[in-house]
Amino acid sequence: MRNSDEKSPDEVRGITAGLTKIRNIPSPRWRGTRKPRISSLTQYRRLYRESLQKPEVFWAEQARKISWYRKWRTVSQWEPPFARWFVGGELNACVNCVDRHLEGPRRYKAAIVWEGEPQGQIRVLTYQELHREVCRLANVLLRHGVRRGDRVVIYLPMIPEALITMLACARIGAVHSVVFGGFGPGALQERILDSQARLVVTADGGYRRGAIIPLKENLDAALAELSCVQTVLVVRRTHCPIPWVEGRDYWLDQELEKVRSFHTAERMGSEDPLFILYTSGSTGKPKGVLHTTAGYLLGAMVTTEYIFDLRDEDLYWCTADVGWITGHSYVVYGPLACGGTVFVYEGAPDHPSPSRFWEMIERHRISIFYTAPTAIRAFLRWGEEWLSKSDLSSLRLLGSVGEPINPEVWMWYFEKVGGGRCPVVDTWWQTETGAIMIAPLPGVTPLKPGSATLPFFGVDAAVVDPEGNELPPGNKGRLVLRRPWPSMLRTLYQDPDAYRQIYWTPVPGCYFTGDAAYRDQDGYFWIVGRMDDVLNVSGHRLGTAEVESALVSHPAVAEAAVVGRPDPLKGQALVAFVILKEKASPTQALMEELRAHVARQIGPIAKPEEIHFTEALPKTRSGKIMRRLLKSVANRSEVRGDLSTLEDQTVLQKLAAARSEPIIGEAEPESWED
Ligand code: WT7
């Protein structure tokens, strides 16, 4: 990319001229009742400057929003690349999300409003009821021998028990590791093994597009070769028959009968681990991102407060599954720490029809709606008629997360869903950052469709060259964060070397995000996408190496290479190049079998869109796969650039031949979370 004097961001991204211009959307306030938390861009800039000049003062002030058993001694300690925040402090994250709201008018306020996928299933839990359920579950965990520091894996559908279990773990000081219900036995096993969990909480299934996800079968397959798990607690959700291991498996409802409904929370240290969450990187093995208690909770809480402007009157809906970081920070910890009311939905957006989301917004009068661009693109494709039947006037704020939102899609979201009244907060962050890092403040930051706008307080974001020098506006470079922040990951679980290597060595002195970005003349950030071998499929992070090792684990496959190609709905789609073993023949049936194999190993989200059987892969003389060339083949574009390092010059013809074969699998259902 060249300087922005020559090309506007619109031109660079090839989008309709003028679409990315500034839009001032007025403050989305409840009718005259409350003062905005930040009232002007000038005030934001002043506070932002102060937060960078005197971070200790800024964060000490913010940390007063947490209920402490014992106040911290030191705001932060930084021994690069290891950070500690609020050192010496004691607190409990669950108490901050639940107990403290019982002391005032929030006691009988709804904490969770839930809808199951089958029509008519609605559950509302007040803070008082949530407290009771969390205490009972905490007691069940204790009864089964779970202690402070033990790891608990949660493999559940989006039902209140998922949130309750997370909070119960936090309450007793156990470290939760939530595994997305869409992951298959292979991915589940890998995560249980790595964290050495002693207990798993699952269900007899969950509803998805009218079908039942076989969670318990998947878990049993995952546990077949593992010895660490002693207990499995099963939530009765679908009442369908499931396999059972006597002495290991227990129905949760029966266990809950046996315990009392009060429990005194553990006093946890600020830096005690709160959870591990696995995410994809450029190696075949997922990384166990470790978050600790105080800094994480504070980050989730203050971003919810400022960026979603969450109020007691709101019904707030973040559509993410709790299996992702978005579900941790913006379904559970952030909004509940703020005393908000969260809406939770179990199922698919198009079940029984593509108007399901809009009907729920109307039914419950949802006011804040936070979702992913891939979902918005699906709605856009399904068509406006599905929205027009519902009254969406309760909405006052919209959010987007997970991948860059195309300006046209932003405008559709703003106009059709938000009725032209609701600011759209495009929030950039990562599993590793724990909380939102770059986003507008609603009603304050002038919006530009497609840009995550400006950094949050305390976030020193920059676009730099490989040496760490800041680049001028309009120049694409590495997106880095130049100083530690409270909600940052502390390490990769049991792998501090990889933590240092992956995040702190690519750019000297900085945390490297893995993303490419540029800033415009107004200092706004425009995220371009990942720079590493990580793909973003429907807002989900997948490592190409992960999918490759899943393919290679099939007996017919000798070698595999996976690349991404742009996809209008999913953002990116997976294209696999596969070399078969001598004995195997390249049939359509084998193709389908490989796709099913990947679904079992990782999950349906990782199924390659296309599989090309080939005799050779383009490699350098040192044996490194030249992904650049594969990407051109996958994109059906001209292969350009330097080919001199290519070891076998005939390989391109071989690949071109492979490309002309029938290769596309059956059409996927239109959705983003399976
Ligand atoms: C990657 C992190 C934490 C949110 C859920 C995904 C991409 C995230 C945006 C955005 C452009 C975005 C980045 C990032 N990303 N939000 N608003 N605009 N790109 O979490 O799985 O850890 O993935 O998602 O590439 O590095 P994740």
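Predicted, not measured: the structure shown is a model, and the values here were computed from it. Counting convention: from 1, in listed order, for ligands and their atoms alike.
Looking only at atom types and distance, the side chain of Y330 has a donor-acceptor partner in the side chain of T303 under 3.5 Å away. Side-chain atoms of N96 and Y333 form no donor-acceptor pair, as typed in the model, at a separation below 3.5 Å. Side-chain contact check for R151 and Y493: at least one donor-acceptor pair (N or O, by modelled atom type) lies under 3.5 Å. Judged purely by distance below 3.5 Å, without hydrogens or angles, the side chains of D194 and Y278 pair a donor atom with an acceptor atom.
The single protein non-hydrogen atom nearest to atom 22 (O) of ligand 1 is T431 OG1, 2.6 Å, given as residue, atom name and distance. Looking only at protein heavy atoms, the nearest one to atom 13 (C) of ligand 1 is D515 OD2, 2.9 Å. The protein atom (non-hydrogen) at minimum distance from atom 16 (N) of ligand 1 is G402 N, 3.1 Å. The single protein non-hydrogen atom nearest to atom 23 (O) of ligand 1 is R541 CD, 3.2 Å, given as residue, atom name and distance.
For atom 2 (C) of ligand 1, the nearest non-hydrogen atom from the set W429, W324, Y330 comes from W429. Counting only non-hydrogen atoms, the option in V425, T513, V401 that gets closest to atom 4 (C) of ligand 1 is V401.
Using cut-offs of 30° and 60° on the angle between ring planes, the pair W59 and W85 is perpendicular. Using cut-offs of 30° and 60° on the angle between ring planes, the pair H328 and H176 is tilted.
With sequence neighbours left out, the side-chain contact (heavy atoms from CB on, under 4.5 Å) criterion links Q494 to no other residue.
Heavy-atom contacts from other residues, nucleotides or ligands closer than 6.0 Å to CD of Q501 number 12 or fewer.
Checked against a 3.5 angstrom limit, the closest N/O atoms of T279 and ligand 1 fall outside it.
Of all the heavy atoms of R530, the ones lying under 4.0 Å from any atom of ligand 1 belong exclusively to the side chain. Contacts with ligand 1 closer than 4.0 Å are made by no heavy atom of T433, backbone or side chain. Only the backbone of E403 comes within contact range of ligand 1, with a heavy atom under 4.0 Å; no side-chain atom does. The part of I527 lying near ligand 1 is the side chain, judged by heavy-atom distances below 4.0 Å.
The closest approach between any non-hydrogen atom of P404 and ligand 1 is below 4.0 Å. Residue contact check for ligand 1: A452 places no non-hydrogen atom closer than 4.0 Å to it.
For ligand 1, the atoms sitting less than 4.0 Å from at least one non-hydrogen atom of I325 are 3 (C), numbered in the order shown with element in parentheses. Interface atoms of ligand 1 facing T427, defined by a heavy-atom separation under 4.0 Å, are 9 (C), 10 (C), 16 (N), 17 (N). Heavy-atom contacts of T326 reach the following atoms of ligand 1: 4 (C), 5 (C) (cutoff under 4.0 Å).
Here the side chains of Y345 and M158 are not in contact, with every heavy-atom distance at 4.5 Å or above. Side chains of Y413 and F369 form a contact here, defined as non-hydrogen atoms less than 4.5 Å apart.
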